[in-house]
Each structure stands twice: as C-alpha cells, then as structure tokens.
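Just below is one structure, and these are the notes that go with it.
Everything numeric here is computed off the predicted structure, so don't read it as measured data. A note on names: the letters A, B, ... follow the listed sequences, proteins ahead of strands, and every chain is numbered from 1.
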Amino acid sequence: MPVDSAAREILAWYDANARAMPWRRAPGANVPVDPYRVWLSEVMLQQTTVAMATPYFEKFTGMWPTVEALASAEDAAVMSAWAGLGYYARARNLLACARAVAERGGFPGSEAELLTLPGVGPYTAAAVASIAFDEAAPVVDGNVERVMSRLFAVETPLPAGKRELRAHAAALTPTMRPGDYAQAVMDLGATICTPKKPRCGACPWQGRCAAFAAGNPERYPLKAPRAARPTRYGTAWWIEAEGHVLLVRRPPKGLLGGMVALPASEFALERVEGGAPVEAAWSRVPEPVRHAFTHFDLVLDVAAVRLPRRPDVEGEWHPIATIDAAGLPTLFRRAADAAMTPCLL
DNA sequence: AATTCGGGGTG
DNA sequence: CACCCAGAATT
C-alpha cells in the first residue's frame, strides 16, 4: 500500500541522514528513551531552534536529571535557568507539569493523557507519545505542515489550512516506528524541505511531491497576511547603591511573566515620562535598547542613577558583580549592559 | 479564529 | 528588513 511505502522511503532516508541530538537515540535503535528527556526537549523546542535549545537541555538535565528532581526545584531556580530562552510561560508550565507527573508517579503513556498536562498541547503530546511510547500519534509541527502542504499542494492558506494538513499527516503516519517517522519528517523539513530554496534533488519524497511536479515548491505553504507590528515605548530604571542594583520579580502572567527584571514602566504606544521608583538625578543612556517581541517592537529608554545608600523600595538588591547570574531575560540583560557602559554614572 | 506570549538565525 | 523556528494558552 502506498502509505507504508511512503513511510519506508522516508525512514530509509532518516536511517542514513538523521541529525544527532542529545535527547535522540540512533535511528532504528531498539532501546527505550527516557520520557522525561523527550518531554523536556520537546517543550524547549516549541518555536525554538535546535541550536538554541540544545545548551539549555544540557543545563537542565545536568541540574535536574529526573522529573522528580525538577519537580522539587524552586520556582526561581527554574525561571533563572530558563532565562534567555524566551516564551517564559513554558518554564512555568514545565514546573507545573513536572510536579503533576511526579505526583502521579510518572509520565502517562498515551497521547490523550499527555494532552491534559500543563504546557503539553497537540504537538508535544503526539511527539512524546510517539517518540517515548511508540504510539502512532500524528505529530504536526511547522516542518510537517510545510512538508504536507508541498506533498499535496494544499491551496488553503494557514492557519485555516491546519486541519487539512493535519489530516494528511495523520493518514501518512505509520504504525511501525512512529517516533522515528515523526522525527524523520521534521528532519526533512529542517534540512531538505526548507522554507526557502528547498533541496528537492535530495528529497526521498520528490517522486510523490505535487509541488515539485508543479515546479513551485516554494509557493507552499500558503499563508494569510499577518498584521503589522506596532512600536511600543518604555523606560527601565537602573538604581545602583553600595555595589548592588535593584531588581524586581515581574507578575506571574503576561509579558516576561515570572521573570527577574529591572524596574520598568508599562510598554505603551507612546512615550510616557515619569514613573520612576525613586526621585533622583537620572542619567539617560544615549541610545535606547531596541528589542523585537513577537507582536510589537520595543524602544526601551534606560535611566540610571548611583545613590550613596539603598533606598527603601520594593524589590531585591542584587550584587552588580554577579548580574550575569541574576537570571535576567534578554531584554533586561541588554538594558543592564547599556546602564553599565563606562562613564554613564 | 485571533491574540498573546522571546529571541535569535537566516536569506 | 521579513520570515521562521519540533506551539500552547487564552479570549
């Protein structure tokens, strides 16, 4: 039957071309994989490149080798370890999920049960079920959507086309080696069936690809136009005293939720003056920090002051010498760098 | 169905 | 510069 032959073709390609990753077993190797490591890697890989996630995976598995160890960690330690990786709701859900799994005595073994865990959606549930538990669950990520859209020349633009693409992916998913198959399609999308300039000459599915036959693979997947990103403005305050700097913990939900940060204004559509935590003779960094979030660009003014004593204000005073270990997300890490430029204070 | 969530790499 | 990346939760 054609479905199984398609799976055999890409599995043969995968056996010869699989990328090596710390959480991945060799293709075809009949050895169990640790569901904890599979789950951890999949959460880190949500909207995140393999290159970015890999050092964080090594750090997390080094600090917390088991899901029980992670479940016992302090919230602040996990948030700090995640700093820089982005989408910080993932870190909060990661800890909630680890605690739920430890409480119930281990990871559930089915896609349906995995789907009930915090931070585990359709993609991650299917990925863990297929890779760790050998369940033939359809794994659909951005790579799979692109591959399917080209294979079947799907004309429905994303995101409306997701259902159709998922149906194609499900129909192709084999019962044999479903985990390797899922990773094979994702590797294909990452290395051959790329968004631009796909290397169709090296593709095991070239002979069955409708977009290749039509000569326009790069046309797929079709996408609905997205809204333009507005620019927002804000101010971060660097308050230095006795070799320490004032840091705050941001509220648990929302932008950079739960992360350590410099005190900062709201990020508004127009520049707003004032609102500093203390009244002082502020120096303004010459160039604001420009930072691109998913749905807006931020222009962040950085104001700095050095005081003789620590004022009584909300927050925690952190030694400036160890600011690298404070767990600041990238935006505030860059704001701190700007404030520490020589001769500002 | 549309928004809200980071950050960096790539063409 | 725009686009993309092993998406999920919320509204």
Side-chain angles (χ1 to χ4, degrees), chain A residues 18-19 21 23-24 38-57 79 82-94 96-97 114-132 137-147 156-163 166 169 179-191 193-198 218 221 223-230 232 250-259 261 267 289-298 328-334:
Chain A
R19 295 178 290 171
M21 300 173 191
W23 51 84
R24 187 185 266 189
V38 175
W39 161 76
L40 178 61
S41 68
E42 293 301 344
V43 173
M44 288 183 168
L45 288 164
Q46 291 167 6
Q47 293 293 286
T48 304
T49 58
V50 170
M52 274 289 291
T54 297
Y56 283 85
F57 178 84
M79 299 310 291
W82 196 276
L85 195 54
Y87 283 153
Y88 298 98
R90 292 186 295 173
R92 302 192 299 270
N93 287 328
L94 187 83
C97 183
L114 287 161
L115 201 46
T116 68
L117 295 169
V120 177
Y123 164 76
T124 304
V128 175
S130 64
I131 297 170
V139 177
V140 184
D141 73 329
N143 290 303
V144 176
E145 287 182 347
R146 185 170 56 256
V147 172
T156 312
L158 290 171
K162 280 180 178 291
R163 301 179 64 94
R166 179 181 175 79
D180 281 350
Y181 168 82
Q183 295 177 91
V185 181
M186 292 191 283
D187 269 21
L188 188 75
T191 64
C193 196
T194 48
K196 296 176 182 176
K197 296 186 178 181
E218 212 165 323
K223 298 202 170 187
R226 61 175 69 171
R229 286 195 320 216
R232 288 175 176 267
R250 291 177 66 86
K253 293 184 178 180
L255 190 74
L256 305 174
M259 298 301 290
F267 300 152
V289 172
R290 294 175 182 276
H291 193 79
F293 288 98
T294 305
H295 53 294
F296 66 92
D297 292 320
L298 178 65
L328 290 171
T330 300
L331 169 66
F332 290 107
R333 169 72 260 197
R334 291 174 53 199

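Using a 4.0 Å cut-off, no side-chain N or O of A:Arg250 falls inside it from OP1 or OP2 of B:dC5. Contact annotation: A:Gln46 does not reach the phosphate of C:dG7 (side-chain N/O to OP1 or OP2, under 4.0 Å). The phosphate of C:dC5 has OP1 or OP2 within less than 4.0 Å of a side-chain N or O from A:Arg146.
A:Tyr56 contributes a side-chain N or O that, together with a main-chain N or O of A:Ala83, makes up a donor-acceptor pair within less than 3.5 Å. Under the 3.5 Å distance criterion, the side-chain polar atoms of A:Asp187 are matched with a main-chain donor or acceptor of A:Arg19. A donor-acceptor pair is defined here as one N or O able to donate and one able to accept, closer than 3.5 Å; such a pair exists between the side chain of A:Ser130 and the backbone of A:Ala127.
In this structure, A:Met186 places its CE atom 9 Å from P of C:dA6, rounding to the nearest Å. Distance CH2 (A:Trp39) to P (C:dA6): 20 Å, rounded to an integer number of Å. In this structure, A:Arg92 atom CZ and C:dA9 atom C1' are separated by 10 Å, rounded to whole Å. Rounded to an integer number of Å, the gap from CG of A:Leu45 to P of C:dC5 is 13 Å. In this structure, CZ of A:Phe57 is placed 14 Å from C1' of C:dA6, rounded to the nearest angstrom. We find that OH of A:Tyr123 is positioned 12 Å from P of C:dC5, with the value rounded to whole Å. Between the C1' atom of B:dT4 and the CG atom of A:Leu298 lies a distance of 15 Å, rounded to the nearest Å. Rounded to whole Å, atom C1' of C:dC4 lies 13 Å from atom CG of A:Leu158.
Contacts of A:Pro122 with the nucleic acid, taken as non-hydrogen atoms under 4.0 Å apart, involve only primed sugar atoms and P, OP1 or OP2. Here A:Arg19 lies in heavy-atom contact (under 4.0 Å) with a base. Using a 4.0 Å heavy-atom distance criterion, A:Arg24 is classed as a base contact. Within the 4.0 angstrom heavy-atom criterion, no nucleotide atom of any strand lies near A:Lys162. Among the atoms of the strands shown, base atoms are found under 4.0 Å from some heavy atom of A:Met21. Using a 4.0 Å heavy-atom distance criterion, A:Thr124 is classed as a sugar-phosphate-only contact. Residue-level contact check: A:Trp82 touches neither bases nor backbone, having no heavy atom under 4.0 Å from any strand. No engagement by A:Val43 is indicated, since no non-hydrogen atom pair under 4.0 Å with the nucleic acid exists. Using a 4.0 Å heavy-atom cutoff across all strands shown, A:Gly254 reaches sugar-phosphate atoms only and no base atom. A:Leu256 comes within 4.0 angstrom of the backbone, heavy atoms only, and of no base.
Two residues are said to be in side-chain contact when any heavy atoms from C-beta on lie closer than 4.5 Å; A:Leu298 and A:Leu331 meet this criterion.
In the set C:dC4, B:dG7, C:dG7, B:dG7 carries the atom at the smallest distance from any side-chain atom of A:Pro329. Of the candidate nucleotides C:dA6, C:dG7, B:dC5, B:dC5 has the atom nearest to the side chain of A:Thr294. Listed nucleotides C:dG7, C:dA9, B:dG6 differ in distance to A:Asn93; the shortest reach to its side chain belongs to C:dA9.
For the residue pair A:Arg24 and A:Gln183, a side-chain donor N or O sits within less than 3.5 Å of a side-chain acceptor on the partner.
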After noting the C-alpha distance and the side-chain angles of A:Arg90 and A:Thr48, does the key distance pass the side chain to side chain contact (heavy atoms under 4.5 Å, CB included) rule?
CA-CA 11 Å; A:Arg90 292 186 295 173; A:Thr48 304; 3.0 Å; yes
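The line from CZ of A:Arg92 to CE of A:Met79 is 5.5 Å long, rounded to the nearest 0.5 Å.
Both A:Ala160 and A:Tyr88 lie close to DNA chain B; mapped to their nearest nucleotides by heavy-atom distance, the more 5′-ward contact belongs to A:Ala160. Taking for each of A:Gly119 and A:Asn143 the nucleotide of DNA chain C with the nearest heavy atom, the 5'-most of the two is the partner of A:Asn143.
For B:dG6, the base has a donor-acceptor partner in the side chain of A:Tyr87 [N/O atoms by modelled type, under 3.5 angstrom].
The C1' atoms of B:dT3 and C:dA6 are separated by 22 Å, rounded to the nearest whole Å. C:dA9 and B:dG8 have their P atoms separated by 24 Å, given to the nearest Å.
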Pairs under 3.5 Å (N/O, protein and nucleotides 8-11 of chain B):
none

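Contact detail for A:Arg229 and A:Phe296: the closest heavy-atom pair is CD-N, 3.8 Å.
Residues A:His291 and A:Phe293 place their aromatic rings such that the two centres sit under 6.0 Å apart.
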